[in-house]
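First up is the structure itself, then whatever we jot down about it.
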Protein chains: 2
Amino acid sequence: MSVNIKDVARIAGVGISTVSRVINNTGIVSKATRDKVLSVVEQYNYVPNNNARNLKATQSRNIALMVKGITNPFFSNMIKEIERQVDLRGYPFMIYHVEDGTNEINAAIQLVQEKNLCGIIFMGGTYDHSEEKFRRLNIPCVLTTITAQEVDPSIFSSVIIDDLKEAYKATKYLISLGHTAIAFMAKSPFLNETTGNRRFLGYIKALEESSIPYDPQLVEDCEYSASSGFSATRRLLNKGRGVTALFAAADTIAIGAAKAVLTAGLSIPDDISIIGFDGIEMAEYYHPSLDTISQPANEIALSSVSLLFDLITGQSVNQHIVFDAVLIKRGSCKNPGMKRVF
Amino acid sequence: MSVNIKDVARIAGVGISTVSRVINNTGIVSKATRDKVLSVVEQYNYVPNNNARNLKATQSRNIALMVKGITNPFFSNMIKEIERQVDLRGYPFMIYHVEDGTNEINAAIQLVQEKNLCGIIFMGGTYDHSEEKFRRLNIPCVLTTITAQEVDPSIFSSVIIDDLKEAYKATKYLISLGHTAIAFMAKSPFLNETTGNRRFLGYIKALEESSIPYDPQLVEDCEYSASSGFSATRRLLNKGRGVTALFAAADTIAIGAAKAVLTAGLSIPDDISIIGFDGIEMAEYYHPSLDTISQPANEIALSSVSLLFDLITGQSVNQHIVFDAVLIKRGSCKNPGMKRVF
DNA sequence: TCATGTTAAGGAAACGTTTCCACAAAAAGC
DNA sequence: GCTTTTTGTGGAAACGTTTCCTTAACATGA
């Protein structure tokens with residue numbers, strides 16, 4: 001059994017409130033008393049009980065990150081950075097993972113009431129039609145990598161990229177190289193307001209702008225994983241529609257797609273060009289290295305945390321920050337139908 | 001402000017303890033009263049405050065996972081499965097990430113006192129010479145993927161593979177193919193009691209058994225990431241020691257190594273054989289697919305959680321479970337110096 | 001009828017904090 | 001030398017639960 005504040009007070013021969021004042025650096029305490037208390041704290045290894053603290057405190061200091069899709073390497077890096085940033089500010093931080101299929105914002109509401117949070121960051125998931133739920137949350141909340149478009153923007157913050165614009169950029173790049181049979185792969189491309197859908201809309205917009213007819217047969221719905229990208233690409237190739245380029249809405253998908261292409265005996269980029277999305281390390285170290293739309297993961301993480309703290313301390317009102325992603329060319333895309341000359 | 005148990009009691013016209021009995025399903029409550037309380041709970045969306053609960057409760061129900069190295073994809077999958085398993089049992093679950101460089105068990109001690117945990121799972125990190133700290137933890141604790149060898153085994157549990165044995169297996173496989181200049185890459189191979197060290201010892205054992213002299217120049221210390229594996233392999237190749245096979249103590253490293261080999265214009269496996277460790281998805285979808293020692297991640301996760309619950313409920317004493325890993329051959333290893341005939 | 005047991009429900013203490021309030025002693029202002 | 005302020009400290013209420021203890025009503029068995 002560990003010591004509590006009462007024990008410390010008794011041992012140090014002071015009142016409970018004095019101990020509290022010392023460990024919280026509040027109020028006035030004489031140097032002598034402070035030193036006495038601190039030495040007892042040190043000696044008996046006293047750590048304040050957070051449950052009691054949070055229970056009493058009007059406002060807690062607990063910050064949570066709610067993530068859906070923890071297996072996506074793009075997310076793990078952001079998680080790490082967010083953790084670091086929150087830690088730097090000395091706030092208790094915990095990560096919660098919600099399973100695919102469960103509603104993340106319902107889970108968050110429960111969490112806020114249970115754990116007395118003072119701020120929450122969301123990563124992954126979908127949040128439209130959640131206006132009432134956001135209001136119920138009633139604490140500062142920042143959405144990263146996704147936004148809720150049909151929700152009153154003054155009740156939440158977001159730090160994102162413009163998925164539609166960036167997907168448009170990727171597709172436009174393929175078109176500029178001369179491709180017209182461009183496949184698209186994402187999770188739930190037809191489900192309104194998902195990330196996959198926004199990227200799909202960017203893809204469509206680029207096609208339309210260049211008067212390339214949209215062929216639904218070239219769009220595959222798949223999970224954000226290599227295995228899923230692999231099977232989606234096999235299905236696609238089997239359709240025999242003469243695809244010359246693949247735009248995968250995630251690097252994990254792109255890697256599975258590349259494997260399917262290479263396994264089929266085709267060459268990248270001579271037979272098929274591939275571009276991914278996110279900018280994970282593996283896309284760079286794949287062979288061939290894969291072109292991608294690289295998100296500024298670190299900036300997003302940094303900005304999310306600093307925005308959240310500004311909201312918590314009342315130094316800012318809700319806002320929506322949009323970062324630019326960068327098209328990184330590594331050679332997995334080229335003109336169609338022209339074998340590379342060595 | 002959300003409703004509390006007192007509000008519910010008042011609105012339902014019953015006592016506080018009755019509400020508590022209803023929501024916890026303890027003691028005797030008449031059907032009529034129960035229904036009345038539940039309808040109020042439903043209507044006012046009452047969620048018990050966990051801080052108060054934990055504060056009062058002799059034994060909490062909080063379970064934490066402490067992970068070091070969240071960016072390793074091998075870990076993310078295990079995290080997901082552990083989360084699922086704990087959730088299934090209805091216990092609150094939180095994930096904590098400790099940064100490289102911080103002591104995970106010190107962080108855990110603080111956490112246990114702060115959050116009133118009833119059980120903890122460790123993933124990654126090192127735990128030797130922590131006997132006193134384990135005792136201080138004083139709650140059931142399960143180490144996954146790593147064990148503390150110099151600590152009294154009765155004060156903690158572990159669910160692991162035998163790193164030395166499996167690394168021996170990998171090295172032996174390369175030797176059996178005819179390789180003698182076998183490089184080894186891991187994180188901290190010379191730092192006692194790390195995972196990297198155990199795998200290094202397995203590598204050494206296999207070499208010794210086959211009377212292959214150990215060449216320290218063939219061992220590279222690197223992080224568990226593709227970029228780190230890439231630069232380590234460049235260093236290695238630049239030494240010009242005629243390496244024909246590479247054993248990377250992690251698939252992430254193996255992928256970086258493969259890229260370095262391919263970038264140097266060499267072929268896998270014709271010029272250099274590569275075998276990794278862990279069994280992550282990316283190793284399979286790399287091109288060429290990489291051989292690996294595949295850990296039974298799911299079984300480890302399942303077994304860790306079920307063991308932890310047995311410990312919490314007193315149905316078991318501390319034990320140490322060792323799973324077997326599997327050598328998966330995908331073609332990235334072959335005899336040295338014999339170009340493949342097509 | 002009376003003792004006993006069972007079912008149902010409420011009151012109140014306790015968990016470990018923070019914080020408001022009270023109070024004493026010392027310092028300061030006149 | 002008196003009031004007023006400042007400094008330093010302790011007591012106790014409150015946070016929202018759980019749980020032990022008590023009480024009350026009612027049924028049971030002799």
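Letters A, B, ... mirror the listed sequences (proteins, then strands); counts begin at 1. Quick note: numbers below take in every heavy atom, side chains included, and nothing from hydrogens, waters or symmetry partners.
- An OP1 or OP2 oxygen of C:dG16 is reached within less than 4.0 angstrom by no side-chain nitrogen or oxygen of A:Asn49.
- Straight-line distance from the CZ atom of A:Arg10 to the P atom of D:dG11: 14 Å, rounded to whole Å.
- The separation between B:Asn25 atom CG and D:dT19 atom C1' is 16 Å, rounded to whole Å.
- As judged by a 4.0 angstrom heavy-atom cut-off over every strand, B:Asn51 is placed among residues making no nucleic acid contact.
- Between the CD1 atom of A:Ile5 and the C1' atom of C:dT17 there is a distance of 6 Å, rounded to whole Å.
- Note: A:Glu104 CD to A:Thr102 OG1 = 6.5 Å, rounded to the nearest 0.5 Å.
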N/O donor to acceptor pairs below 3.5 angstrom from side-chain atoms of residues 122-129 of chain B, sequence neighbours left out:
residue	atom	partner	partner atom	Å
B:Tyr127	OH	B:Gly124	O	2.8
B:Asp128	OD1	B:Gln149	N	3.0
B:Asp128	OD1	B:Glu150	N	2.7

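- Taking atom CG of B:Leu55 as the reference point, atom P of D:dC15 lies 14 Å away to the nearest angstrom.
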Contact list (N/O, under 3.5 angstrom) for nucleotides 9-12 of chain C vs protein:
residue	atom	partner	partner atom	Å
C:dA9	OP1	B:Ser30	OG	3.2
C:dA9	OP1	B:Thr33	OG1	2.3
C:dA9	OP2	B:Ser30	N	2.9
C:dA9	OP2	B:Ser30	OG	3.2
C:dA9	OP2	B:Thr33	OG1	3.1
C:dA9	N7	B:Arg21	NH2	3.4
C:dG10	OP1	B:Gly15	N	3.2
C:dG10	OP2	B:Gly15	N	2.5
C:dG10	OP2	B:Thr18	OG1	2.5
C:dG10	O5'	B:Gly15	N	3.4
C:dG10	N7	B:Ser17	OG	2.9
C:dG10	N7	B:Arg21	NH2	3.0
C:dG10	O6	B:Arg21	NH1	3.3
C:dG11	N7	B:Ser17	OG	3.4
C:dG11	O6	B:Ser17	OG	3.2

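- With rounding to whole Å, B:Lys6 atom NZ is found 11 Å from D:dA13 atom C1'.
- The structure places OG of B:Ser157 at 4.5 Å from CG of B:Leu311, a figure rounded to the nearest 0.5 Å.
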Could you walk me through whether B:Leu143 and B:Val159 satisfy the side-chain contact (heavy atoms from CB on, under 4.5 Å) test, starting with their C-alpha distance in whole Å, then the side-chain angles of each, then the deciding distance to 0.1 Å, before giving a yes or no?
CA-CA 6 Å; B:Leu143 269 52; B:Val159 180; over 6 Å; no
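- Among the heavy atoms of the strands, none lies under 4.0 Å from A:Asn50.
- A search for ring pair (Phe, Tyr, Trp, His ring centres under 6.0 Å) contacts involving B:Phe134 returns B:Phe156, not counting sequence neighbours.
- Ranking C:dT17, C:dC15, D:dT17 by closeness to the A:Pro48 side chain, first place goes to C:dT17.
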Donor-acceptor contacts, no H, no angles, side chain residues 87-94 of chain B, under 3.5 Å, sequence neighbours left out:
residue	atom	partner	partner atom	Å
B:Arg89	NH1	B:Gln85	O	3.2
B:Arg89	NH1	B:Gln85	OE1	3.4

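- Rounded to a whole Å, the NZ atom of B:Lys56 is 6 Å from the C1' atom of C:dC15.
- For residues 18-31 of chain B, the set of pairs meeting the salt bridge (Lys or Arg N to Asp or Glu O under 4.0 Å) definition, not counting sequence neighbours, comprises B:Lys31-B:Asp35.
- Atom CG of B:Asn54 is separated from atom P of D:dT17 by 12 Å (rounded to the nearest Å).
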For DNA chain D, produce a single dot-bracket line, 5' to 3'. Pairs: Watson-Crick or G-U wobble, both distances under 3.5 Å. Symbols: ( ) within strand, [ ] crossing, | other strand, . unpaired.
||||||||||||||||||||||||||||||
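- The structure places CD1 of B:Ile63 at 6.5 Å from CD1 of B:Ile121, a figure rounded to the nearest 0.5 Å.
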Evaluate A:Ile95 against A:Val67 for side-chain contact (heavy atoms from CB on, under 4.5 Å), listing each step before the verdict.
CA-CA 7 Å; A:Ile95 305 164; A:Val67 43; 3.9 Å; yes
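- At C:dT17, none of the side-chain N or O atoms of A:Ser20 fall inside 4.0 Å of OP1 or OP2 (strictly under the cut-off).
- The side chain of B:Asn24 places an N or O atom within less than 4.0 Å of a non-bridging phosphate oxygen (OP1 or OP2) of D:dT18.
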